[in-house]
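Beneath this line is the structure, given in structure tokens, with notes to follow.
Position 1 is the first residue of the sequence, and the numbers go up from there. Remember, it's a predicted structure, so these values are computed and weren't measured experimentally.
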Amino acid sequence: MSPHGAPAVFLDRDGTLIEDVGYPRDPDLVRLLDGAAEALLRLAEAGFRLVVVSNQSGIGRGMVGAEEAQAVHDRFVAEFERRGIAFDGAKYCPHAPDEGCDCRKPAPGLLLAAANELGLDLERSFMIGDKHSDAEAGRRAGCRTVLLAGPEVNPDDSDYVAADWSDAVNFVLGSR
């Protein structure tokens, strides 16, 4: 992307922005994680575009229907909108792991598609998630990467491991 494109923060959804409930099918189970809304407000105010990129293999596995997935997404968006946050984009990979698509993280397809559609500068962008596959997708797309600390996080997987959302935002804003 052009160096004149907008910087973005690409965001994993489940386990990063909302509680990870496995294969999400019930919109009533959408619960924002502590500090996520405040963090996104700070990032948006700093000029970052906010783009959700999430694997949703429950669809491809036949465990989550398209209507159920849409209802969860709609509730997710509404919960953030109630707090003054609008996402610039949301990309989901609906494929099962064995389908060999180019959009399932750790492949960078979701990030590259969003960058192309929204005119984003990947070199000035960040990927924030909670798993190795999130950081690897960000790295492959040319972004800097942040993982929120948790049991599955290896410090070698990303540019930074954040203790919480406030720490993640401080790193992003300090790395501009």
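Across every non-hydrogen atom of R49 and L118, the tightest pair is NH1-O, 3.5 Å. For the residue pair A96 and R61, the shortest heavy atom distance occurs at CB-CG, 4.1 Å. Nearest heavy atoms, A114 versus V51: CB-CG1, 3.8 Å. Across all their heavy atoms, A46 and R176 have their closest contact at O-NH1, 2.8 Å. Shown here for C143 and M127, the closest heavy-atom pair between the two residues is CB-N, 4.2 Å. Across every non-hydrogen atom of E79 and V30, the tightest pair is CG-CG1, 4.4 Å.
Between atom OG of residue S57 and atom CD of residue E99 there is a gap of 9.5 Å, rounded to the nearest 0.5 Å. With rounding to the nearest 0.5 angstrom, the CG atom of D102 is 8.5 Å from the CG atom of L112. Rounding to the nearest 0.5 Å places CG of D164 at 11.5 Å from CG of L33. Summarising the geometry, atom CG belonging to L111 is positioned 7.0 Å from atom CG belonging to L122; distances are rounded to the nearest 0.5 Å.
When hydrophobic residues (I, L, V, M, F, W, Y) are linked wherever their side-chain heavy atoms come within less than 4.5 Å, the members clustered with L147 are V153, V161. Taking a 4.5 Å side-chain heavy-atom cut-off between Ile, Leu, Val, Met, Phe, Trp and Tyr, the cluster of M63 extends to Y23, I59, V64.
By the rule that hydrophobic residues join a cluster once side-chain heavy atoms approach within less than 4.5 Å of another member, Y92 and L29 end up as members of separate clusters. Cluster membership check: V172 does not share its hydrophobic cluster with L120, using side-chain heavy-atom separations under 4.5 Å among Ile, Leu, Val, Met, Phe, Trp and Tyr. Residues F126 and L41 fall within the same hydrophobic cluster, defined by Ile, Leu, Val, Met, Phe, Trp and Tyr side chains chained together at heavy-atom separations under 4.5 Å. Each of V77 and V53 belongs to its own hydrophobic cluster when Ile, Leu, Val, Met, Phe, Trp and Tyr are linked at side-chain heavy-atom distances under 4.5 angstrom. Transitive grouping of hydrophobic side chains (ILVMFWY, heavy atoms separated by less than 4.5 Å) brings L32 and V72 into a common cluster.
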For the pair E117 and K91, evaluate salt bridge (charged side-chain N to carboxylate O under 4.0 Å, His left out) and give the outcome as yes or no after the intermediate values.
CA-CA 11 Å; E117 290 172 20; K91 298 274 185 197; 2.7 Å; yes
Walk me through whether C93 and K105 qualify under side-chain contact (heavy atoms from CB on, under 4.5 Å).
CA-CA 8 Å; C93 171; K105 295 179 292 180; over 6 Å; no
Residue pair D130, D12: steps toward the side-chain contact (heavy atoms from CB on, under 4.5 Å) verdict
CA-CA 7 Å; D130 66 324; D12 175 55; 3.0 Å; yes
Test side-chain contact (heavy atoms from CB on, under 4.5 Å) on V146 and V9; report intermediate values, then the result.
CA-CA 10 Å; V146 177; V9 175; over 6 Å; no
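Remark: side-chain polar atoms of W165 are paired, donor with acceptor, to backbone N or O of T16 under 3.5 angstrom. Side-chain atoms of E68 come within 3.5 Å of backbone N or O of G65 as a donor-acceptor pair. Listed for the S125 side chain is a donor-acceptor partner under 3.5 Å among the backbone atoms of A8. No side-chain donor-acceptor contact under 3.5 Å links R104 to the backbone of G100.
In this structure the side chain of S175 reaches within 4.5 angstrom of the side chain of R144, judged on heavy atoms. Taking 4.5 Å as the limit, every side-chain heavy atom of V169 sits out of range of all side-chain heavy atoms of F48. In this structure, the side chains of H95 and C103 come closer than 4.5 Å at one or more pairs of heavy atoms. Taking the side chain as every heavy atom from C-beta outward, F10 and I128 never approach each other to under 4.5 Å.
Annotation for R25: atom CZ does not count as buried by contact number, only 12 or fewer foreign heavy atoms lying within 6.0 Å. Environment of CD in E123: sparse, with no more than 12 heavy atoms of neighbouring residues, nucleotides or ligands closer than 6.0 Å. Within a 6.0 Å sphere centred on CG of D20, other residues, nucleotides and ligands contribute more than 12 heavy atoms.
Ring geometry, Y160 versus F171: the interplanar angle falls under 30°, so the pair is classed parallel (tilted spans 30 to 60°).
Under 4.0 Å is where a charged nitrogen must lie from a carboxylate oxygen, and between R42 and E38 no such pair does. Using a 4.0 Å cut-off between charged side-chain N and carboxylate O, D28 and R75 make a salt bridge.
Here F76 and F87 bring their ring centres to under 6.0 angstrom of each other.
When each of L50, L40, I85 is checked for a side-chain contact (heavy atoms from CB on, under 4.5 Å) with L17, only L40 meets the rule. A side-chain contact (heavy atoms from CB on, under 4.5 Å) with D14 is found for one member of Q56, K131, E19 and no other, namely Q56.
N55 and R13 share no donor-acceptor pair across their side chains, judged by distance under 3.5 Å alone.
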